[in-house]
Each structure stands twice: as C-alpha cells, then as structure tokens.
Amino acid sequence: MSADAVAMIDVRNLTKSFGSKYALRGVNLHVMPGESLVLFGPNGAGKTTLIRILSSLSRPSSGSVHIGGLNLATHSDGIRRYLGVVSHAPLLYDSLTAEENLAFFARLYDLQQPAARIAAMLAQVGLTSRRGDLVRTFSRGMLQRLAIARALLHDPEVLLLDEPDTGLDPQAAEMLHGLLTELSGRGAAGNGRAGAGPGPTKRTIVTITHSIERGLAIADRVVILAAGRIAFEADVRGMTPAEFRPLYDTYVGS
Amino acid sequence: MRFWKIVAAIIGKDIRAELRTKDIFSSMFVFALLAVIVFNFAFELRVPSMKMVVPGIVWVAVTFAGTLGLNRAFVIEQDKGSLAGLLLAPVDRAAIYFGKMLGNLIFITVVEAILLPLVMVFFNLSLLTGPHLLALFLGTYGFAAVGTIFSAIAVNTRAREVLLPVLLFPVLLPVLVAGVKMTGSLLDGESLSSLANWLRLIALYDVGFTVVAYLTFGFVMEE
C-alpha cells in the first residue's frame with residue numbers, strides 16, 4: 001500500500017446502474033486511514049451496492065475507487081489482500097468446522113504460521129471451545145462472530161461491515177456490537193492490528209447499520225445515503241443519539 | 001506455484017465437505033444408477049445387440065448425472081454466501097475455476113468408477129479397457145471444463161437448474177457425439193488408432209474450452 005496516500009478509501013463520481021435503474025449516482029467519498037465511517041440510509045439507498053463495489057465483488061458503471069492509493073479497477077487482486085468483509089451472510093462453509101473454515105481461508109490468504117493466527121482469532125471472538133464443531137451447528141450469533149474472525153484473519157487494513165447484526169437476537173447483537181466497538185478503537189482493547197509494528201495501526205472501518213445507537217458508538221463520521229446519492233455527511237464524534245435522531249429522520253425517515 | 005496451492009485448497013475443501021454431506025455424490029450416483037436400470041429394462045427385449053445402445057446409455061447417464069453435480073457444486077457455494085468469501089480472497093479467479101472444475105471432474109469420475117462395473121453386469125459387455133477409459137476420461141474432462149463455467153453463469157440466475165442444461169448441452173454436442181462414437185466403435189472391436197480423428201476432436205475441444213474458461217472465468221464471476 002502506498003504510504004503517502006491521503007485517503008485510505010477514495011471514491012470519485014461513482015455510479016452503478018442495473019439496466020435503467022440507478023443504485024448509485026455520482027457518489028464522492030473519502031475515508032481517512034484509521035477512520036470509522038458509518039453509512040446510514042433507507043433500504044434501496046445503495047449502501048450494499050457501495051460496499052460490494054469497495055470489496056471488488058461488483059464493478060462500477062462509471063467513476064473510480066482507490067483503496068490505499070491503488071486503483072480498484074486495475075489492482076483488485078492486490079487490494080483484496082487489504083480488505084476484510086463482514087456481511088449479513090457469514091461467507092462460511094457449514095460442512096466444515098470453525099477451525100477448518102479459518103484454515104481454508106488462511107491458505108487462500110497465504111498466511112504464515114496459520115495455526116497460531118487461527119487460534120488467536122478464535123480466542124478473540126470467543127469460539128475456542130467450539131473450534132472443532134461443524135459451522136452448521138452454530139447459532140446466528142456464533143456464525144457472525146466466526147465471520148468476523150474470518151474477516152480479520154489476514155489482519156486487513158480496511159474492514160467493510162454490511163449490516164453484520166442482521167437477524168441476531170438482542171443478546172447476540174449486543175455481543176457482536178461489543179466486538180465491533182473494540183475493533184473501531186472505542187473499546188478497552190483498542191483498534192490495534194496484529195503485527196503492525198511499534199505502535200498499533202488503526203483499522204479503517206466502513207459500517208452499514210440501521211441502528212443509530214450502535215452506529216454512533218463506533219462512528220467518527222457518518223454518511224447518509226438516499227436514492228444513490230450522499231444526502232448528509234458529518235463528523236459525529238461526541239454527538240449523542242438524541243442529537244442525531246432529527247437529522248436521521250430528515251433524510252431516512254422515522 | 002501459489003496458483004496450484006489455491007487450486008489444491010479448493011479441491012480439498014470441496015472433497016472434505018462432500019465426504020461429510022454426500023450432497024453431490026448421492027444425487028449423481030442415484031440418478032446414474034436409475035438411468036442405467038431404466039434403460040436396461042427398456043431395451044432388454046427389443047434390441048438385437050446391446051452394443052448398439054450401451055454407448056448412448058453410458059454417456060446419457062454420465063452427462064445427466066454430471067449436470068446434477070455441476071448444479072449442486074456452485075449452488076452450495078452461492079446459497080451459503082461462501083462464493084463471495086472465495087471471490088473476496090486475493091487469488092487469481094482462474095484458480096477458483098480450476099479448483100471447482102477439477103473437483104467436479106473427481107466427483108464425476110468416482111461415479112463413473114462405480115457405474116461402469118454395474119453397466120458391465122447389466123449388459124454383459126466389457127468397458128474396463130484402456131481405450132474405453134481414455135475415451136471416457138477425455139469426454140468427462142470436456143464435460144467438466146465446459147460445465148463448470150456454465151454452472152458459474154447459471155448460478156446467478158433465477159432458473160439456474162433449468163438454464164444449465166439448456167446452455168450446456170448444445171455446446172457439449174461435439175464431446176457427446178465423439179464419446180458415443182468412440183465407445184460404440186471400441187465395443188465393435190475397432191482399435192484406438194482407427195479412432196484418431198474422434199480422439200483429436202475431443203482433445204482439441206478439451207484444450208480449447210479450458211483456455212476459454214481460464215480467460216473468461218473472472219468476467220463471468222463479476223457483477
């Protein structure tokens with residue numbers, strides 16, 4: 001990654017259409033290294049499309065995306081090494097155990113000493129005791145915790161989270177939120193990346209959520225997308241949910 | 001080197017999952033077995049020589065059962081969202097293609113290894129000879145090479161179970177025709193050298209579609 005890159009994620013004039021239907025219309029977005037950005041917006045606003053483009057799963061119709069100074073259109077293989085993605089689908093194999101899933105992805109990411117890293121990630125998400133169990137036996141909350149372990153396995157600089165708490169019961173959602181709060185640098189464990197050298201390097205995180213409380217708890221900045229455009233963007237550090245609610249209702253609806 | 005490590009990882013993952021669930025193998029094998037049994041009863045008293053129908057029976061059973069397996073191979077990835085997990089990894093998309101294709105080839109070959117002795121018992125014909133196995137392997141490779149890329153195309157559509165055979169079988173015709181002709185001629189006692197033109201056709205088909213799939217799989221998987 002380019003060390004002198006200003007923005008970790010630099011999106012310029014991004015448009016995505018499916019036939020005649022536009023999902024994104026000229027989106028410009030900059031996320032600084034170590035920044036935690038939360039995307040709000042109603043269903044169909046283009047949030048997931050944006051995350052899918054950032055994660056190289058979808059190709060934009062026009063516009064450009066640079067991550068860590070690299071152009072996604074020409075360096076997607078290289079950029080994927082620096083991305084960790086968690087979505088509402090766990091992206092795991094339910095016929096494999098938790099440990100086998102992580103071992104498979106460790107081989108795809110060509111990790112050195114994968115066994116130690118896998119053990120560390122399972123411990124971080126509290127699944128060490130279930131390491132040998134088939135993923136199909138996991139609850140939704142456990143699946144999402146394992147999905148986070150998968151996404152963090154290769155110690156990515158950028159974490160993209162697409163409604164990771166969808167379908168979770170309140171208790172599991174709260175547990176997941178605690179984990180994400182730590183990853184965003186707000187928790188006790190901070191946001192240090194393993195093996196990042198002296199002084200932890202903060203992860204850049206982009207999160208989609210519908211929960212104002214959970215979103216603000218991890219956000220440095222929020223963006224509200226509506227009808228494929230950025231309708232609102234602001235630094236929200238220190239802002240309470242009560243202060244943010246009127247803004248949210250204006251752009252998203254109550 | 002890393003390319004083939006990724007291919008091996010994907011094959012290993014698919015085999016491990018299949019050994020646990022037997023999702024793909026059981027549907028393929030039961031279908032192939034039923035096809036052979038039904039054809040056996042249908043032709044037993046009406047055909048003067050089984051050599052006339054066995055080549056068709058073998059290739060219909062293999063390709064139809066193989067289509068079931070091809071459908072399952074990507075549907076399992078897509079339904080669990082794990083295909084996106086694969087695509088998010090920093091690996092050459094062609095390695096994903098080869099991993100899935102060689103996995104499919106292994107599953108179909110295992111079904112054939114059990115099916116051929118059964119066909120020999122049912123129809124009292126010898127198929128376990130070098131030339132027969134060579135013809136079957138080359139045809140199966142072509143089927144897996146083309147079928148894997150078409151199943152990757154079909155998996156993103158709503159009518160994927162229907163679309164795959166509709167897309168696949170017209171493209172597969174050269175392999176099917178060559179395979180049936182070779183199996184039939186070998187049963188009639190012809191030597192492999194006399195079937196050089198059919199062998200060349202299947203080999204060219206296999207190489208050509210492997211190259212095409214290698215070059216296009218990345219585009220197929222993009223949204």
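Quick note on labels: first sequence line is chain A, next is B, and so on, each numbered from 1. Only a predicted model underlies this, so the values are computations on that prediction, with no experimental measurement involved.
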Please round to the nearest 0.5 Å and tell me the distance separating atom [atom1] of [X] and atom [atom2] of [Y].
| X | Y | atom1 | atom2 | result |
| --- | --- | --- | --- | --- |
| B/L87 | A/S58 | CG | OG | 11.5 Å |
| A/S76 | B/R93 | OG | CZ | 6.0 Å |
| B/S82 | A/N101 | OG | CG | 8.5 Å |
| B/I6 | A/D110 | CD1 | CG | 7.0 Å |
| A/R81 | B/L88 | CZ | CG | 13.5 Å |

Which pair of heavy atoms, one from [X] and one from [Y], lies closest together, and at what distance?
| X | Y | answer |
| --- | --- | --- |
| A/Y109 | B/P90 | CE2-CD, 3.1 Å |
| A/L96 | B/A17 | CD2-N, 4.2 Å |
| B/D92 | A/D77 | CA-OD2, 4.2 Å |
| A/T97 | B/R20 | N-NH1, 4.1 Å |

Pick one of side chain, backbone, both or neither for A/L83, based on which atoms fall under 4.5 Å of a heavy atom in chain B.
->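 Neither part.
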
What part of A/I53 lies closer than 4.5 angstrom to a heavy atom of chain B: side chain, backbone, both or neither?
->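 Neither; nothing under 4.5 Å.
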
Got B/R16 and A/Y93 here, is their nearest side-chain heavy-atom distance under 4.5 Å?
->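 No - every pair of side-chain heavy atoms lies 4.5 Å or more apart.
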
In this structure, are over 12 heavy atoms from other groups packed under 6.0 Å from B/K5 atom NZ?
->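 Count not over threshold, so no.
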
Yes or no on side chain to side chain contact (heavy atoms under 4.5 Å, CB included) for B/I10 and A/F104, after CA distance, side-chain angles and deciding distance?
-> CA-CA 8 Å; B/I10 293 169; A/F104 173 64; 4.0 Å; yes

Could you tell me whether the side chain of B/R2 and the main chain of A/L108 form a donor-acceptor pair under 3.5 Å?
->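 At least one qualifying donor-acceptor pair exists.
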
